[in-house]
Amino acid sequence: MTFGFPAFFWATLALLPLVAVYFIKTRPRRQQVNAFFLWQQVFQQKASNSLFQRLRNLLSLLLVALAFLAAVFALTRPRVGDGTAPDLLIVVDRSASMNGVDDGKSRLVRAKELAGSWITALGGSQRAAVATVSSRIEYRANLTNHAKLLRDALDGIEPSDLPLDPHALDELALLSSTNDSSKTRILFLTDRHSAPMTIPTGVEVVSVGGQSGNAGIQAADLHWDAPGRATLYASLVSDLPEAREVELELVAAETGKLAHLFSMNLPARGEASDSIPLQGIEPGAWLLRLRGSDALAADDIAPLGLNAPQPIPVQVASKNPFFFQQCIAAFSRADSLFEPIDDFARLSLAEGPPPETETTIVFSPSGESPFWKDVGAELAPGAPEVASKDHALIARIDPALLAFDGAKKLTAPAGSVVVLAHADGTPLLYTCSANGRRAVVLNFDPSREDFFLSPWFPVLVHDAAVLLTGRENTFPSTAATGSVVEIPGTEAVTAATLRQGDKVSPLPLQTPVSVDRVGNYGFSRNSTNWQLGGAVFSSGESGPAAAGAPPPEVKLASGWPLAAWFLLAALIALFAEELLYHRRKVG
Amino acid sequence: MSLTDPAFIKQLDALNLLARRVLRGSLQADRRTQRRGTGITFADYAPYNFGDDYRAIDWKIYARTEELLIKLFEVEEDTTVYILFDCSRSMGPKFDYARKLAAALGYIALNGLDRVVVHSITEKLGTIVDSARGRGKVFPFLRDLEAAKTSGVDTDFTACARTFQARNRKKGVVLVVSDFFFPKGFEEGLRFLQWAGHDVFALQVNDPQDLECPWLGDLEIECVETSAVQRVTISEKEAKIYREAVAAWNESLRVECSRRGVGLASTTSDVPFEVVIQSMLRKGGLVA
């Protein structure tokens, strides 16, 4: 046993005056009585207690001395062992797998209880800090010996649906490399269910739960094959010790109506996947559920979104609209990108001055337009120069193959992004915006040199259209928690919700969106609605624990410190003495 | 307040007037006795026997019943009032109070022309007022009584009673003013006094603190007389036992007095002394 503050032992010298005071204190007051012989009669009956009467004062002194010595010991902060008291950095894993339940108690709760017992054992002379980690490290309490602050920080740790980022602990590597382990110990409480990761040197892993078997959905997708026909893809992972046949069901998220039920054979500690064709399925929010119970419930569900085709309303403003219309029809049939419409079109394909639509792809600029000015003479043909390398408009074409025949001298409005330019600097392909309208300007005549018939015409139209309307990326059916998803479109987001069971919560109206909870996400723009599922989708969280030998047992004091027990002993002794004192003073 | 203080004398005068009213008049040797003889106050009838004074025969009775009956009269005599005043140290807190009671009783007796003798009771009998008679002896009586002090280490009522009987052969009224907390008991003493033919009257004076037990906790109780010390712890339980012991002691006094026909008046020192005297006079049995 060692002592944090052995100097307090000098306080035992105070026992001497205490004993002196005690003897003064315990001298009873004298009372003259007239009927002394009657008092003698009274106390003849109590003669049997005389031994206790004689020893009582000595017992009282012993109790006071015991209480005093116990208090002195408490002040010296005794510790079991060598007495080193390094600071503690307690890092609690709050990834999705920590929601797993072992023997009726979640792993996160076990971790918090264990960390709480360490904090209780600090005893005021040792400091600790509390942090959590899932996708990144978050510090909840800085180094302090204030137990309540630390306990509040622990109590404030909420479970998350995020997987543990294998690199989240990397910043601890720097801390542990500069740290003297005798001064600070870094303790990582985890169930060891995560993607393979390297634990930084100096970080002590404390295993919490994680023994119960689990099977979960590690990947899923739901996408259209054709109108009314879709394919469901599901991939499962298991750390169960035995193979088993599991059932999965696809239900509507809002109504719970069963759409499809199927089974899969899941090998022991292995993976299985399957693609299921679905007929007559409707667009909307769906749930893929793995039936049965296991350690982790969060990965038994995969919310999915099946979005209806949402074509871009488009119109043509050209003297020769044929090729434009053919291009629109082709993309409309292929992936429902366009929907020809004259009224309320959001996109126009134009030659010359464009109509006032929200977005415009305009060839052969001429006349007056906010998208150009100073249109002059035709330029001499020549190979364009790339002004914006890796721009989305030229990602799938070779600019050297474009002749830009019929390009004219002009000036792009301020703020334009020039992608290709003539040798004299005249912009040939650029994007610009004016008066709240955006445009892709192609400064050449598409009717020359059979450009309409070249493969670059539909490619340019497609890429310009998805660029202008914000449809560059395919919107997924579902995303893993921790990922960020861009909502298609350029209009303002008007509604964003998260459905978890029957509970629907509003989300911030912003894009991109962080998918950090398991559930069905719904987003609305003025003219489009999008469904997205958020699921754990982590083989590390759902599958077997990290390979290798379990971490060595961490030796750390837990529970009430010795000082607290000494203090309790002092209080008990004082209480006992108080009983005797009370009896002496008031009978 | 001194016993010779005019205010106190005034209180005694008032009590004396009350005593006169109770005694209906005559001041001379007017204390009633149980002995029958010559006098002016009719007491009873008795059959005539040879040698009786034939002048006392009630002829009217004889005319009606043809039986010779003589009228008996109370003997009016010069009575000696003995006050045995407890001067033990246990009387300390109530000594002044008891002294006032004794003073009042002696004052009334002296004004009734009775003879008053005051003895002190400690471990042996002492004399405070040797013998006094008549109103002229009132102030010497009061001064002597005032000069009395508590003393002694081991009060012995029995021994005092035995000594008293030896010294005072003339029968009279014996007033014992005490708390009757005699460690050796009071029964023998009362028996001696009554055996000697005295009219014995006990006036018990208690200190309220003697009846209760206001102290709790660890104490060294000290006997006021012997200075004996005992270290005790008094809880409510012990206090209750003590109260019961005091009550039993006082009850035994009451029973003893009742059994022997000894008049008993008990009071505590928080009751005004004149109230006690008035009560005694009105109840009779002592001076009336």
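Hydrogens, waters and symmetry mates are skipped; everything else that's a heavy atom, side chains included, is used. Numbered from 1 within each chain, the chains take letters A, B, ... in sequence-line order.
Taking every heavy atom of both residues into account, L38(A) and Y242(B) meet most closely at CB-CE1, 4.1 Å. The heavy-atom pair separating F36(A) from E222(B) by the smallest distance is CD1-C, 4.1 Å.
Using a 4.5 Å heavy-atom cutoff, the side chains of L219(B) and R29(A) are in contact. Side-chain contact between F43(A) and I234(B) is present, with heavy atoms from C-beta onward closer than 4.5 Å. Two residues are said to be in side-chain contact when any heavy atoms from C-beta on lie closer than 4.5 Å; Q230(B) and W39(A) fail this criterion.
Contacts between residues 246-257 of chain B and chain A, defined by a heavy-atom separation under 4.5 Å, are made by V246(B), W249(B). For residues 176-184 of chain B, heavy-atom neighbours of chain A at less than 4.5 Å comprise F181(B), F182(B), P183(B), sorted by residue number.
Interatomic distance, CD of Q32(A) versus CD of E220(B), reported as 12.0 Å (0.5 Å rounding). Note: M91(B) CE to N34(A) CG = 9.0 Å, rounded to the nearest 0.5 Å.
At most 12 non-hydrogen atoms from other residues, nucleotides or ligands lie less than 6.0 angstrom from CZ of F575(A). By the 6.0 Å contact criterion, CG on D155(A) is enclosed, its count of non-hydrogen atoms from other residues, nucleotides or ligands being greater than 12. Crowding of W565(A) atom CH2: a count of heavy atoms from other residues, nucleotides or ligands under 6.0 Å not exceeding 12.
If you tally non-hydrogen atom pairs under 4.5 Å between each of V229(B), T226(B), D207(B) and chain A, the highest count goes to V229(B).
Residue contact with chain A, scored on non-hydrogen atoms closer than 4.5 Å, is absent for K240(B).
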